[in-house]
Amino acid sequence: MRAKGPRGGKKEVRAAGLRALAEQGLLLARDHQAAAAALDVSVRTVQLDLQECPAGPSRRPGRPGHDARHWWTCLHLTGRVLHERRWHAGWRDVVDVHRGQITTWEAQRCTQLLKKRHKARRAAASKRSRVSIEVLAPDVMWALDAKHLSRDRAGTVTAEVVLDPCPRRRTGAAVGRPASGKQVVALLEGVRRRRGQAPLVLVHDNAKTYCGAEVAGWCEQHGVLSLCNLPHTPQHNPFAERGMRELGEQTGLGRGVRDVGILQAGMAVAAAIRRMNSRPRRVLGGRSADDVDALGRVHYTRQEREELADEVRAAQLAAMRDARGARARRRACRNALLEVLERRGWIKITRGGSPGHARRGARVS
């Protein structure tokens, strides 16, 4: 008759094998679930097998306590891993790196605490470095952007919208298929004729349509300066981003909408623009955008435009002397143009928060 082994022998063999795999680096924290499924045990059992059980009486059940010195050590070890991996690591990575020095619960708690603090620090730094701009007169800036409305059998239906940030007024829109450079110029020219003048600055993103020769030629013909976003930075055109979001809310059109044709979408956009331009707004002192625009109309002469262009050109050349790289030069040109507009009293720039009048400014970075 074969003698039976000691009670719990199978468990000890399993624990020894798991510890050997862990020491060789073949069993990480993320592999515990797979190991538990292969051994037909729970993940908690695998974690207990990996822990070295000290000789003597078993410890008190429940969460293990810790002193202040050990807690600061855990925070230091966890923070080192998170910093080395640029805050993209998780608590399992901390356990894998510092196995035996820090428990799973301590890694989870320290990771959660340090990531929360890191997020708060980034938010505070972003708020301190945030730049807000408020346009103080009509026709100083026109924001140009496209809004996806629908998709029908013939293709995509979009709206090209021109917005004046000072009274928050939509001055023109064209609904149809994705516009070409000639169609954008036709829209801008129609708005210019209705307004009687072109803007001082045209704000747009890096779309090929807006950066093409047609739009550049129209701007040069009418003395308009171009203010282009940096690549992948929609925050540089907050007026258009906010206006497109509000237009989508008013029309009910946008991403995911199908089978709405050009005619129906055009009628919805026209009705929404009339409502948004004529409704009283609290940020405008209870007046509508049309009322503010009618009372604050300013005409800019050709001489003023030429003086502004010369001043901006000189400021941009001075700003680009210390810039290194294409992106830095483009940012320097943007900042130089905005600083010239602020010196002339056409815009107000506030750093570290929104402008003085609540919710009137549009945030840019």
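On a predicted model such as this, the values are computed, not experimentally measured, just so you know. In what follows, every heavy atom counts, from backbone to side chain, and hydrogens, waters and symmetry copies are set aside.
Side-chain polar atoms of H204 and S226 form a donor-acceptor pair below 3.5 angstrom. The closest side-chain donor-acceptor pair between R331 and T233, if any, does not fall under 3.5 angstrom. Between the side chains of N206 and R330, a donor-acceptor pair is found at a separation under 3.5 Å. A donor-acceptor contact closer than 3.5 angstrom is absent between the side chains of Q112 and Q108.
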Could you go through the side chain to side chain contact (heavy atoms under 4.5 Å, CB included) check for T45 and S42 one step at a time? CA-CA 5 Å; T45 301; S42 64; 2.8 Å; yes
Evaluate side chain to side chain contact (heavy atoms under 4.5 Å, CB included) for T111 paired with K115, printing each intermediate quantity in order. CA-CA 6 Å; T111 302; K115 282 195 171 184; 4.1 Å; yes
Do E342 and I133 pass the side chain to side chain contact (heavy atoms under 4.5 Å, CB included) test, and can you show the C-alpha distance, the side-chain angles, and the key distance before you say yes or no? CA-CA 9 Å; E342 185 181 26; I133 181 171; over 6 Å; no
Given side chain to side chain contact (heavy atoms under 4.5 Å, CB included), test R177 with Q183 step by step and report yes or no. CA-CA 10 Å; R177 305 300 173 191; Q183 292 172 330; over 6 Å; no
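In this structure, E106 does not pair ionically with R109, as no charged nitrogen and carboxylate oxygen lie closer than 4.0 Å. Salt-bridge check for R281 with E246: passed, with a basic side-chain N closer than 4.0 Å to an acidic carboxylate O. A salt bridge links R14 with D49: the distance from a Lys NZ or Arg NE/NH1/NH2 to an Asp or Glu carboxylate oxygen falls below 4.0 Å. Salt-bridge formation is not detected for the pair R19/E23: no Lys NZ or Arg NE/NH1/NH2 atom is positioned less than 4.0 Å from an Asp or Glu carboxylate oxygen. Ion pair D259/R151 not flagged as a salt bridge, since none of the NZ, NE, NH1 or NH2 atoms sits closer than 4.0 Å to an Asp/Glu carboxylate oxygen. Using a cutoff of 4.0 Å between basic side-chain nitrogens and carboxylate oxygens, E311 and R344 are scored as salt-bridged.
E134 has its side chain out of reach of T350: every pair of non-hydrogen atoms, C-beta onward, lies at least 4.5 Å apart. A heavy-atom distance below 4.5 Å is found between the side chains of R99 and L50. Considering only heavy atoms from C-beta on, K119 stays 4.5 Å or farther from R122 through its side chain. Looking only at side-chain heavy atoms (C-beta outward), V161 and V269 stay at 4.5 Å or farther from each other. Taking 4.5 Å as the limit, every side-chain heavy atom of D310 sits out of range of all side-chain heavy atoms of L308. Between L200 and D139, every side-chain heavy-atom pair lies at or beyond the 4.5 Å cut-off. Between R287 and P280, every side-chain heavy-atom pair lies at or beyond the 4.5 Å cut-off. Side-chain contact between L77 and V94: absent, with no pair of heavy atoms (C-beta onward) separated by less than 4.5 Å.
For the residue pair A265 and V157, the shortest heavy atom distance occurs at CB-CG1, 4.0 Å. Contact record, A272 with T251: CB-CG2, 3.5 Å, taken as the closest heavy-atom pair. The heavy-atom pair separating L144 from V162 by the smallest distance is CD1-CG2, 3.8 Å. Across V95 and T103, no two heavy atoms sit closer than the pair CG2-O, 4.5 Å. Minimum interatomic distance between A159 and L149 (heavy atoms only, all atoms of both residues): CB-CD1, 3.7 Å. Nearest heavy-atom pair across P138 and C166 is N-SG, 3.7 Å.
More than 12 heavy atoms of other shown residues, nucleotides or ligands fall within 6.0 angstrom of atom CZ in R121. The neighbour count for Q101 CD, taken as heavy atoms of other residues, nucleotides or ligands under 6.0 Å away, is above 12. Residue R275 qualifies as enclosed at atom CZ: its count of foreign heavy atoms under 6.0 Å is above 12. When the shell of 6.0 Å around CD of E220 is examined, it contains 12 or fewer heavy atoms from other residues, nucleotides or ligands. By the neighbour-count criterion of 12 heavy atoms within 6.0 Å, atom NE2 of H83 is sparsely surrounded, having that number or fewer from other residues, nucleotides or ligands.
The backbone N or O of A207 sits less than 3.5 Å from a side-chain atom of D205, completing a donor-acceptor pair. Here the side chain of R85 pairs no donor or acceptor atom with the backbone of R80 at under 3.5 angstrom. Between the R327 side chain and the L230 main chain, no donor and acceptor come within less than 3.5 Å of each other. Judged purely by atom type and a 3.5 angstrom limit, Q316 has no side-chain atom pairing as donor or acceptor with the backbone of N335. Under the 3.5 Å distance criterion, the side-chain polar atoms of N277 are left unmatched by any main-chain donor or acceptor of R274. Formation of a donor-acceptor pair under 3.5 Å by the D31 side chain with backbone atoms of A34 is not found in this model.
In this structure, W218 has its ring center closer than 6.0 angstrom to the ring center of H222. Proximity of the aromatic rings of Y300 and W346 is defined here by a centroid distance below 6.0 angstrom, and this criterion is met.
Atom-to-atom distance recorded for R170:CZ and R168:CZ is 8.5 Å, nearest 0.5 angstrom. Here D152 contributes atom CG and I262 contributes atom CD1; the two are 6.5 Å apart, rounded to the nearest 0.5 Å. Taking CH2 of W71 as the start and SG of C110 as the end, the distance is 3.5 Å to the nearest 0.5 Å. Remark: I347 CD1 to R343 CZ distance equals 10.5 Å, nearest 0.5 Å. Here the CD-OG1 distance, from E160 to T209, works out to 7.0 Å after rounding to the nearest 0.5 Å. Here the CD-CD distance, from E189 to Q221, works out to 7.0 Å after rounding to the nearest 0.5 Å.
No chain of hydrophobic side-chain contacts below 4.5 Å, direct or via other Ile, Leu, Val, Met, Phe, Trp or Tyr residues, connects L21 to V43. Hydrophobic cluster membership is shared by L82 and L113, with clusters built from Ile, Leu, Val, Met, Phe, Trp and Tyr side chains linked at under 4.5 angstrom. The cluster map of Ile, Leu, Val, Met, Phe, Trp and Tyr, joined by side-chain heavy atoms under 4.5 Å apart, puts L202 and Y210 in the same cluster. No continuous path of ILVMFWY side-chain contacts below 4.5 Å connects L187 to V175, so the two sit in separate hydrophobic clusters. Side-chain heavy atoms closer than 4.5 Å link hydrophobic residues (I, L, V, M, F, W, Y) into clusters, and following such links, possibly through other members, connects V191 to V184.
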Taking only distance into account, with no hydrogens and no angle test, what donor-acceptor pairs under 3.5 Å do side-chain atoms of residues 289-296 form with protein atoms, sequence neighbours excluded?
residue: D290; atom: OD1; partner: R169; partner atom: NE; Å: 2.7
residue: D291; atom: OD2; partner: S288; partner atom: OG; Å: 3.0
residue: D293; atom: OD1; partner: R195; partner atom: NH1; Å: 2.9
residue: D293; atom: OD1; partner: R195; partner atom: NH2; Å: 2.7
residue: D293; atom: OD2; partner: R195; partner atom: NH1; Å: 2.7
residue: D293; atom: OD2; partner: R297; partner atom: NH2; Å: 3.2

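The side-chain contact (heavy atoms from CB on, under 4.5 Å) test with M141 is passed by exactly one of D164, L227, N237: L227.
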